[in-house]
Amino acid sequence: MPHTELIQEIRRLAAERDALILAHNYQRDEIQALADICGDSLGLSQEAARTDKQVIVFCGVHFMAESAAILAPEKTVLIPRADAGCPMADMITPDGVRLMRERHPGAPVVTYVNSSAAVKAESDICCTSANAVRVVNSLAADEVILTPDRNLGMYIARHTGKRCHLWDGYCPTHDRLAVEDIKRALADYPDAVFMAHPECPPEILDLAHHICSTSGMYDYARQNPARQFIVGTEAGILYRLRLENPGKEFILPTTRLICPNMKLTSLEDVRAALLTMSPRITVPAEVRERAKLALDRMLAVPRD
Ligand code: 13P
Ligand code: SF4
């Protein structure tokens with residue numbers, strides 16, 4: 001089917017099904033162009049919780065759609081590609097969380113949203129890259145358990161001064177960014193500012209002018225007077241950065257910054273999901289209720 005017809009067909013189906021199409025900032029360009037709302041993990045989970053639509057089509061990875069299903073259990077949540085997982089989320093299990101609690105009794109568990117519903121259910125509170133420092137600072141405890149991302153964990157430890165016990169998970173896409181990649185880019189673009197996602201290793205974050213979530217990068221790029229930006233996160237972010245800042249240049253320090261899972265979803269997959277109303281994400285009630293507590297606690301943390 002030609003591109004324009006396919007888009008029209010998706011829009012017609014979405015209206016018929018009363019569906020909201022959400023897309024993460026790493027999705028393919030054409031998916032971001034199609035979506036009703038693009039955003040980071042925090043923003044999209046808030047949209048899922050607040051929408052009046054009956055159906056949510058989540059163009060992202062499994063844990064994101066699962067968060068939508070936890071926060072909006074009365075809605076139908078579809079993920080166009082059931083195989084779009086997150087390797088970091090798979091690095092921690094509920095047993096892993098219980099093990100950390102045994103090792104560090106009394107320390108609250110703060111779990112990055114990049115995790116399964118079952119892991120969230122074992123946790124005290126969730127965080128995203130946009131609110132991690134705020135969430136940890138909101139806790140009375142001086143000692144916390146952080147799962148699953150060791151890089152985000154080290155970043156939180158540095159910015160909160162709390163004693164942090166880290167799980168050894170990581171994002172394979174961000175973790176492969178090397179210091180040489182950044183030094184080369186900074187040498188090639190000496191006037192550029194470097195913005196990085198906190199999933200990058202600490203030696204990369206040491207070189208960053210600004211560290212933030214994917215949506216934080218849009219604000220930073222818009223507000224900062226620099227003309228050139230080196231971007232330390234997944235390549236999908238470039239689409240809107242370039243669209244929204246026509247006079248500015250955005251440079252990826254390496255071609256390796258691609259999350260294969262985020263690139264799976266195609267327009268055909270979105271159409272098929274709306275036609276068949278599948279694949280659908282559901283979370284068993286017992287897990288969902290406990291996972292929702294951890295997400296609700298995060299959403300209740302006041303903004304600075
Ligand atoms: P954000 O919450 O910053 O969008 O990050 C999600 C993610 O998966 C980063 O790898
Ligand atoms: Fe998971 Fe990394 Fe892909 Fe984000 S970029 S979905 S953390 S593998």
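Keep in mind the model is a prediction, meaning the values are calculated, not measured. Whatever order the structure lists them in is the order used to number ligands and atoms, beginning at 1.
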For this session: Please state which part of Thr233 comes within less than 4.0 Å of ligand 1, counting heavy atoms only: side chain, backbone, both or neither.
Result: neither
Exercise. Which ligand 1 atoms are under 4.0 Å away from a heavy-atom of Asp40?
Worked result: 1 (P), 2 (O), 4 (O)
Exercise. Which of the numbered atoms in ligand 1 are below 4.0 angstrom from a heavy atom of Asn114?
Worked result: 7 (C), 8 (O)
Exercise. If we ignore angles and hydrogens, is there a donor and acceptor under 3.5 Å between the side chains of Glu143 and His165?
Worked result: yes
Seminar exercise, completed: Under 4.0 Å between heavy atoms, the region of Glu199 that gets near ligand 2 turns out to be side chain
Exercise. Under 3.5 Å, side chain of Asp124 to main-chain N/O of Val109, donor-acceptor pair present?
Worked result: yes
For this session: Identify, by atom number and element, the atoms of ligand 1 in contact range of Ser129, meaning under 4.0 Å from any of its heavy atoms.
Result: 1 (P), 2 (O), 3 (O)
Exercise. Judged by modelled atom types alone, do Gln32 and Gln27 share a side-chain donor-acceptor pair under 3.5 Å?
Worked result: no
Problem set entry | Residue and atom, protein N/O/S, under 2.8 Å of atom 1 (Fe) of ligand 2 | Cys86 SG
Problem set entry | Polar side chain donor-acceptor pair, Arg240 to Asn25, under 3.5 angstrom | yes
Problem set entry | Residues Thr233 and Tyr26: side-chain donor-acceptor under 3.5 angstrom | yes
Problem set entry | More than 12 heavy atoms of other groups within 6.0 Å of Arg163 CZ | no
Exercise. Which ligand 2 atoms, with their elements, are less than 4.0 angstrom from a heavy-atom of Tyr26?
Worked result: 5 (S)
For this session: Check whether any side-chain N or O of Lys120 sits under 3.5 Å from a backbone N or O of Val113 as a donor-acceptor pair, and report yes or no.
Result: yes
Problem set entry | Heavy-atom donor-acceptor pair, Asn151 side chain to Glu199 backbone, under 3.5 Å | yes
Exercise. Any idea which atoms of ligand 1 are less than 4.0 Å away from a heavy-atom of Tyr26?
Worked result: 7 (C), 9 (C), 10 (O)
Problem set entry | Aromatic ring proximity, centroids under 6.0 angstrom, His209 and Phe194 | no
Problem set entry | Option nearest atom 5 (O) of ligand 1 (shortest heavy-atom distance, choices His174, His197, Met64, Met217) | His197
Exercise. Does any donor atom in the side chain of Ser45 or Ser67 lie under 3.5 Å from an acceptor atom in the other side chain?
Worked result: no
Exercise. Do other residues, nucleotides or ligands put more than 12 heavy atoms under 6.0 Å from Asp52 CG?
Worked result: no
For this session: Look at ligand 1 and say whether Glu234 reaches it with a heavy atom at a distance under 4.0 Å.
Result: no
Problem set entry | Distance filter under 4.0 Å to Ser213 heavy atoms, resulting ligand 1 atoms | 3 (O)
Exercise. Any idea which protein heavy atom is nearest atom 7 (C) of ligand 1, and the distance to it?
Worked result: Glu199 OE2, 3.6 Å
Problem set entry | Thr128 touching ligand 1 at heavy-atom level, < 4.0 angstrom | no
Problem set entry | Ligand-side contact atoms (ligand 1) for residue partner Ser41, heavy atom cut-off under 4.0 Å | 1 (P), 2 (O), 4 (O), 5 (O), 6 (C)
Exercise. Does any N/O atom on Asn25 come nearer than 3.5 Å to any N/O atom on ligand 1?
Worked result: no
Problem set entry | Salt bridge flag under 4.0 Å for residues Arg98 and Glu122 | yes
Exercise. Do Thr254 and Asp181 have side-chain N/O donor and acceptor atoms under 3.5 Å apart?
Worked result: no
